Amino acid sequence: MKMENKSDIIEQQREKLLNLKNNNVNLFPNDFKVSHTVKDIKDAIKNSPDTVKEDGPSFVVAGRIMAINMFGKAAFIRFKDRSGQLQAYVRKDKIGDDAYGFFKQLDIGDFAGLSGTMFKTRTGEWTLLVYKLTLLCKSIRPLPEKFHGLKDPEKRYRQRYLDLLMNPDARDIFVKRSRIIQAIRAFFLERDFLEVETPIMQPIPGGAEAKPFVTHHNALDMDLFLRIAPELYLKRLVIGGFERVFEINRSFRNEGISTQHNPEFTMLEFYQSYSDYNDLMDLTEEIFRHVAKEVAGSTSITYQGHTIEIGKKWQRMKLLSALEEFGGIDPDILNDKEGLIEFAASKGHKITKTWRIGKVITKLFDLLVEPELIQPTFITGYPVEVSPLARRNDTDFTITDRFELFIAGREIANGFSELNDPDDQRNRFLQQVEDRKAGDDEAHFMDKEYIKALEYGMPPTAGEGIGIDRLVMLFTDSASIREVILFPHMKPSGNN
RNA sequence: GGGCCGUUAGCUCAAUUAGGCAGAGCACCUGACUCUUAAUCAGUAGGUUGAAGGUUCGAUUCCCUCACGGCCCA
């Protein structure tokens, strides 16, 4: 039995590599220095007259060979660096017989260092006329086909490096992702927020209703949880006097995988003292408009066929009103749990009977209303039962000063005026503990240390979390979260 | 978790109707070519058809199980 199923093409490449090595060619040198990127060169010659010829300024550039058009004693090659792609012209009479013989042994996929001058071909394309060529790294495996690229989604995710190399659209998504995060960071720094890092491994997972991943600390012999949210730590920082903090955080939820969910995901969470949830709704609109302007160049964006208007004032609507308007629920049954469960059943949805009414209402909202909210919409007035960390409304004690933001039928953000009454917080945790006992494994744990911190006093504060992956999906018109995460979670392929 | 679809050469895809020698383009290899850009021309080579089992004289094709992936639903 063979150790590895080598295809001939790899054998051939290895043989070539060995030949070069036997001729004392350094296959993996590390001393080549470049003077320009492809983009630098293009910028430098942009305004040059067409007379730039062999006696023009010379450039030293490096990149991966993406295509070779061989003409016997001359060849055009296309090569690519981080800034772009450029054509080069290699002529036997320019680089010499030996060097040309060496050049002919190179392959698509190899890295080369090129020195030369710029000229225009007959078709008007700026091209590097090479007078010196250096091998910088030999490749063994062939790149995917140059025209169709790499299409198989499984291979694109498992071998993202090939996807990035072959599919400019994929590359653009991740460049845009980086710019979006950059724009968000600049937005908060500009407003006097402090960027912080809080624990990813937590002894008590808190800040969201979700199942955590468990890990184990050997030396302490204790279980730890990967955070489902950074919330309770960020609020400790507010208590400590950092009145404005934010963390662009990776969080983890031990739940299903779908086009909307990856087990690890990126969230922006921020807290602003002496503000309430209304202030944060205003701020959220500002953030989105800032990002839209920075990365999309327009406040009107297209997502999966919908035109989303970021620029117009966003609608704000109470949860119960939304249920009436979009869910077609008779207002008379809105505080009748049995009626609601019956209504859900009539629509073909099963609701767990042990849930308290607040959870039933929000579940109905998820099923009936959420998909309808295409334009940016804030929903407010969430029940206390499903908002254990949010401040109670001053006039209606059954709801909280909380909102969620929906765009394109998906939850994008969740924010509220923070609960800073330690006794109320303790009671909320106790109720959560009851829910957990009743079988709700997403309910909060009691966190006595957090209560203790609140007892020292937390200034009136509002906080919010925004799903960055979903936000990037929106701005890159991506249907699946896997298109915006460089290495999405995959089961092992079994080919190892 | 359920439903539907997919997995064939390094890559992109045929062939499955009704079971009958597994095909093409690009890439690779050989040869020709000093302005091509999906270069062109000629030739060669490349396959345990995702894995295991079953039916059959014969399976990429039909049946069963499994793995991985995509879309939809929960």
Side-chain angles (χ1 to χ4, degrees), chain A residues 1-2 4-17 19 50 53-54 65-80 85-97 100 103-110 118-131 138-163 165-167 255-261 304 344-345 347-352 363-364 366-368 370-371 409 478-483 488-496:
Chain A
M1 193 119 183
K2 275 189 284 185
E4 197 184 344
N5 191 15
K6 281 179 191 165
S7 66
D8 281 348
I9 197 161
I10 292 176
E11 302 270 14
Q12 284 169 356
Q13 298 271 88
R14 280 193 185 281
E15 212 165 296
K16 271 194 205 173
L17 184 143
N19 282 339
D50 293 2
K53 278 286 181 189
E54 295 166 36
I65 298 171
M66 299 304 290
I68 302 174
N69 287 353
M70 179 62 71
F71 287 88
K73 296 187 185 65
F76 284 97
I77 65 176
R78 252 170 293 148
F79 68 100
K80 190 188 237 184
Q85 197 161 264
L86 187 68
Q87 175 170 263
Y89 191 36
V90 184
R91 289 170 50 154
K92 192 175 188 179
D93 61 4
K94 277 289 160 204
I95 67 171
D97 291 2
Y100 197 77
F103 162 68
K104 288 216 281 195
Q105 296 179 72
L106 299 189
D107 296 292
I108 292 169
D110 292 350
M118 294 299 288
F119 76 105
K120 257 188 181 174
T121 63
R122 279 176 204 159
T123 52
E125 181 171 350
W126 280 109
T127 301
L128 185 77
L129 179 63
V130 176
Y131 57 71
K138 192 81 190 80
S139 67
I140 293 165
R141 292 177 184 267
L143 293 177
E145 200 232 351
K146 62 187 166 188
F147 188 62
H148 295 96
L150 185 68
K151 286 192 170 167
D152 179 357
E154 186 170 353
K155 287 202 175 76
R156 288 183 49 232
Y157 301 148
R158 288 191 197 279
Q159 294 181 276
R160 182 69 91 180
Y161 46 94
L162 294 179
D163 186 32
L165 216 44
M166 305 308 297
N167 299 323
E255 292 161 5
I257 296 172
S258 75
T259 52
Q260 310 299 319
H261 299 88
Q304 305 291 297
K347 295 274 179 182
H349 300 295
K350 258 190 253 169
I351 303 257
T352 309
K363 184 70 185 173
L364 273 172
D366 291 350
L367 292 169
L368 303 175
E370 185 170 323
S478 299
S480 168
I481 199 169
R482 293 188 155 194
E483 294 295 337
H489 183 76
M490 306 284 279
K491 286 193 190 178
S493 66
N495 286 338
N496 297 320

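Chain identifiers are assigned alphabetically (A, B, ...) following the order of the sequence lines, protein sequences preceding nucleic acid strands; residue numbering begins at 1 within each chain. Bear in mind that the values here come from a model prediction, so they are computed numbers and not experimental data.
The side chain of A/Arg122 sits closest to B/C35 out of B/C35, B/A38, B/U37. With B/U12, B/U36, B/U34 as the candidates, the nucleotide lying closest to the side chain of A/Glu145 is B/U12. Among B/C11, B/G69, B/C35, the nucleotide with an atom closest to any side-chain atom of A/Thr121 is B/C35. The side chain of A/Glu154 lies closest to B/C68 when the candidates are B/A38, B/U37, B/C68. Side-chain proximity of A/Lys491 to the nucleotides B/U36, B/G69, B/U34 is greatest for B/G69. Listed nucleotides: B/U36, B/U34, B/C68. Nearest to the side chain of A/Arg158: B/C68. Here B/C11 is the nucleotide among B/U37, B/C11, B/G70 with the atom lying nearest to any side-chain atom of A/Leu150.
Nucleic acid contact for A/Gly256: none, since no nucleic acid atom lies under 4.0 Å from a heavy atom of the residue. Residue contacts for A/Asp107: at a heavy-atom cut-off of 4.0 Å it reaches the sugar-phosphate backbone alone, with no base atom in range. Contact annotation for A/Gln13: no contact, since no heavy-atom pair falls under 4.0 Å across all strands.
Of the C1' atoms belonging to B/C64 and B/G43, the separation is 46 Å, rounded to the nearest Å. B/U7 and B/C62 are spaced 11 Å apart, taking the P atom of each and rounding to whole Å. A distance of about 11 Å separates the P atoms of B/G3 and B/U65, rounded to the whole Å.
In this structure, B/C68 forms a base pair with B/G6, meeting either the Watson-Crick or the G-U wobble geometry with both donor-acceptor distances under 3.5 Å. Judged by Watson-Crick or G-U wobble contacts below 3.5 Å, the nucleotide B/C21 has no partner. Of all nucleotides present, none satisfies the Watson-Crick or G-U wobble test against B/A14 with each distance under 3.5 Å.
Along RNA chain B, the nucleotide closest to A/Asn69 and the one closest to A/Asp152 are compared, and the more 5′ of them pairs with A/Asp152. Between A/Lys16 and A/Ala75, the residue whose closest nucleotide on RNA chain B is further toward the 5' end is A/Lys16.
Of the side-chain N and O atoms in A/Lys151, none sit less than 4.0 angstrom from OP1 or OP2 of B/C11. The shortest distance between the side-chain N/O atoms of A/Arg482 and the OP1/OP2 oxygens of B/G70 is below 4.0 Å. Within the 4.0 Å cut-off from OP1 or OP2 of B/G10, not a single side-chain nitrogen or oxygen of A/Lys155 is found.
Of all heavy-atom pairs spanning A/His489 and A/Arg482, the tightest one is O-NH2, 2.6 Å.
Looking at A/Tyr89, its side chain has no donor and acceptor atom pair within 3.5 Å of the base of B/U36. With hydrogens and angles left out, the side chain of A/Arg78 and the base of B/U37 share no donor-acceptor pair within 3.5 Å.
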Polar pairs (N or O, both sides) under 3.5 Å between protein and nucleotides 31-33 of chain B?
residue : atom : partner : partner atom : Å
B/C33   : N3   : A/Met70 : O            : 3.4
B/C33   : N4   : A/Gly72 : N            : 3.4

